[in-house]
Structure formats: structure tokens, C-alpha cells
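We count residues from 1, following the sequence as given. Values reported hereafter were calculated over all heavy atoms of this structure, with side chains retained and with hydrogens, waters and symmetry mates removed.
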Amino acid sequence: MTRRRQDPNVCGVTAAIAVIDGKWKTLLLWLLESGPHRPAELRRRAPGLSEKVLTQALREMESDGLVHREVYDVLPLKTVYSLTGFGRELAEALAPLADWGHRRLERLTETQPRLERLTETQPRRERLTETPSAS
């Protein structure tokens with residue numbers, strides 16, 4: 001996740017996507033929509049997300065104003081992440097896109113059995129390595 005200075009003369013969609021770019025940020029945004037979470041909770045709910053990448057993504061989201069980081073002065077230290085108002089605004093803006101994504105997934109699931117039926121009814125092609133039988 002390399003950060004570049006944002007060009008102010010770009011399309012608004014490009015500017016928005018730059019903030020959520022990466023494999024994990026949209027998932028983290030979605031998880032934090034349900035309320036504040038500790039980093040370990042986020043990692044448990046995002047299998048495959050390393051501690052290093054989680055920390056980096058949360059720091060970037062914090063610097064972009066999407067996430068608030070609160071550290072409690074207790075032993076052991078307790079850190080909790082939550083969405084800021086700006087982060088909630090982004091989550092709301094992404095809701096129609098999420099709805100579209102769910103409709104797309106439903107459509108793919110509906111067409112998948114049809115595609116499987118089509119491939120079952122088509123005759124098999126001979127492999128290139130097979131030699132035709134002599135008649």
C-alpha cells in the first residue's frame with residue numbers, strides 16, 4: 001500500500017476510490033460500520049489479514065479521516081478503532097454500490113447452473129494429442 005499525493009484535478013470517483021484502494025479497506029470499513037472494534041477482533045473477522053497490513057491500513061484510514069483511534073491508558077494498553085463521521089459518510093455513499101454488487105453475485109449464481117447445463121449438452125471435442133481411430 002503505497003501512498004501518493006492526491007492530485008486535486010481528478011474525477012471525484014477516482015479520489016474516493018483512492019481512499020478505499022487495497023484488498024482490506026472496504027472490509028474494514030464494513031466491519032467498523034457495526035461499531036468500534038479492537039485490532040484483534042478485526043483480524044479474527046478478516047482471515048488472511050496480517051497484523052502488519054491491518055496496522056498499515058488502519059493508519060492510512062486514520063490519516064484520511066475515516067477512522068478514529070482511541071488508546072485507553074490501562075494495562076495492557078487497549079486500542080479501539082471506530083468510524084468517524086466522514087467514514088460513516090463514505091460507508092453510506094458505498095451502500096448503493098454494495099447493493100449493486102449483491103445483485104451481481106445473485107445474477108452470477110443464477111447463470112452458473114445454466115452455463116453448467118450448456119457445457120454438459122455440448123459434444124466433447126477430441127483432444128489434440130489423441131489420434132483419430134482408423135476405420
>> How long is the straight-line distance from CZ of Arg38 back to OG1 of Thr79, given to the nearest 0.5 Å?
In response: 7.5 Å
>> So, taking the atom named NE2 in His37 and the one named CG in Leu28, what distance separates them when rounded to the nearest 0.5 Å?
In response: 10.0 Å
> Leu31 versus Glu41: any side-chain heavy-atom pair under 4.5 Å?
Replying inline: no
> Looking at side-chain heavy atoms only, is the closest gap between Pro39 and Leu54 below 4.5 Å?
Replying inline: yes
>> What's the separation between atom OG1 in Thr109 and atom CZ in Arg107, rounded to the nearest 0.5 Å?
In response: 11.5 Å
>> So, applying side chain to side chain contact (heavy atoms under 4.5 Å, CB included) with Leu90, which one of Asp64, Leu66, Thr26 is it?
In response: Leu66
>> Evaluate Arg103 against Asp99 for side chain to side chain contact (heavy atoms under 4.5 Å, CB included), listing each step before the verdict.
In response: CA-CA 6 Å; Arg103 287 192 306 275; Asp99 292 341; 3.7 Å; yes
> Nearest heavy-atom pair of Arg43 and Ser50: which atoms, and what distance?
Replying inline: NE-C, 3.9 Å
> If Ile, Leu, Val, Met, Phe, Trp and Tyr residues are connected whenever their side-chain heavy atoms lie under 4.5 Å apart, and connections chain through other members, are Leu83 and Val71 in the same group?
Replying inline: no
> Closest approach of Leu77 and Tyr72, non-hydrogen atoms and distance?
Replying inline: CD2-O, 3.4 Å
>> For Leu49 and Leu27: C-alpha separation, side-chain torsions, deciding distance, then whether side chain to side chain contact (heavy atoms under 4.5 Å, CB included) applies.
In response: CA-CA 11 Å; Leu49 175 58; Leu27 175 63; 5.9 Å; no
>> Quick check for you: to the nearest 0.5 Å, what is the distance between Ile20 atom CD1 and Lys25 atom NZ?
In response: 9.0 Å
>> A side-chain contact here means heavy atoms from C-beta on lying under 4.5 Å apart; do Leu58 and Leu42 qualify?
In response: yes
> Do Val13 and Leu29 belong together in a cluster built from hydrophobic side chains that touch within less than 4.5 Å?
Replying inline: no
> Do the non-hydrogen side-chain atoms of Gln56 and Glu60 ever get within less than 4.5 Å of each other?
Replying inline: yes
> Closest approach of Pro47 and Trp24, non-hydrogen atoms and distance?
Replying inline: O-CH2, 3.5 Å
>> Can you tell me how far apart CH2 (Trp100) and CG (Leu105) are? Round to the nearest 0.5 Å.
In response: 9.0 Å
>> Applying a strict under-4.5 Å side-chain criterion to I, L, V, M, F, W and Y, I'd like to know whether Ile17 and Trp30 cluster together.
In response: no
>> With rounding to the nearest 0.5 angstrom, report the CZ to CD distance, Arg88 to Glu33.
In response: 7.0 Å
